[in-house]
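Hydrogens, waters and symmetry mates are skipped; everything else that's a heavy atom, side chains included, is used.
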Amino acid sequence: IILSGNTLYGMTALGGSYDSGIIFGYVDTAVGINELKVESEKLNVYPNPSNGLFTIQSPAASGQSSVQVYNMLGQQVYSQYTLPNTQYQIDISNQPTGIYFYRLISENGNLIGAGKLVVE
């Protein structure tokens, strides 16, 4: 695989006229990716790893802040859209062991923090 500018080139092992492989090029037409602005780096998640019970603590999280947790396939396994205070408990103990990703979003849509959760 070779990347040149916004074109990705690659080769297959089989296929083509003589079943000897195909060389291809893929042009990335994406004009850009919207990035979430991190509002605050004051975010503490503990214990991590755990059995599925995690505490998120952030002075920037309260009211209409939300937290979402996703598995490795990108499927949302947990969400809470109104956090009662600056310390909140997440319970994903019903999920299989593995790595999960969380993100904490403020009420105005800015990213407060994101990271990994490990369920043992």
Just jot down the side chain to side chain donor-acceptor pair (under 3.5 Å) partners of Thr12, sequence neighbours excluded, or say none.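 By the side chain to side chain donor-acceptor pair (under 3.5 Å) rule, Thr12 matches no residue at all.
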Does any part of the side chain of [Y], heavy atoms only, come nearer than 4.5 Å to the side chain of [X], both counted from C-beta?
{"X": "Asn44", "Y": "Ile56", "result": "no"}
{"X": "Ile92", "Y": "Val119", "result": "yes"}
{"X": "Val67", "Y": "Tyr78", "result": "yes"}
{"X": "Tyr100", "Y": "Met72", "result": "no"}
{"X": "Val45", "Y": "Leu117", "result": "yes"}
{"X": "Arg103", "Y": "Tyr70", "result": "yes"}
{"X": "Ile112", "Y": "Ser65", "result": "yes"}

Interatomic distance, Tyr46 atom OH to Gln87 atom CD [nearest 0.5 angstrom]: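 Reported value, rounded in 0.5 Å steps: 3.5 Å.
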Approximate separation, where rounding is to 0.5 Å, of Gln75 CD and Gln95 CD: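 Here the rounded value is 9.0 Å.
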Say whether Leu104 and Val77 are linked into one hydrophobic cluster, either directly or through other cluster members, by side-chain heavy-atom distances under 4.5 angstrom.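 Leu104 clusters together with Val77.
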Before giving the answer on side-chain hydrogen bond (donor to acceptor under 3.5 Å, both in side chains), spell out for Gln68 and Tyr102 the whole-Å C-alpha distance, their side-chain angles and the decisive distance to 0.1 Å. CA-CA 6 Å; Gln68 293 99 32; Tyr102 71 89; over 6 Å; no
Are any side-chain N or O atoms of [X] and backbone N or O atoms of [Y], one a donor and one an acceptor, separated by less than 3.5 Å?
{"X": "Asn51", "Y": "Leu53", "answer": "yes"}
{"X": "Asn48", "Y": "Lys116", "answer": "yes"}
{"X": "Ser50", "Y": "Phe54", "answer": "no"}

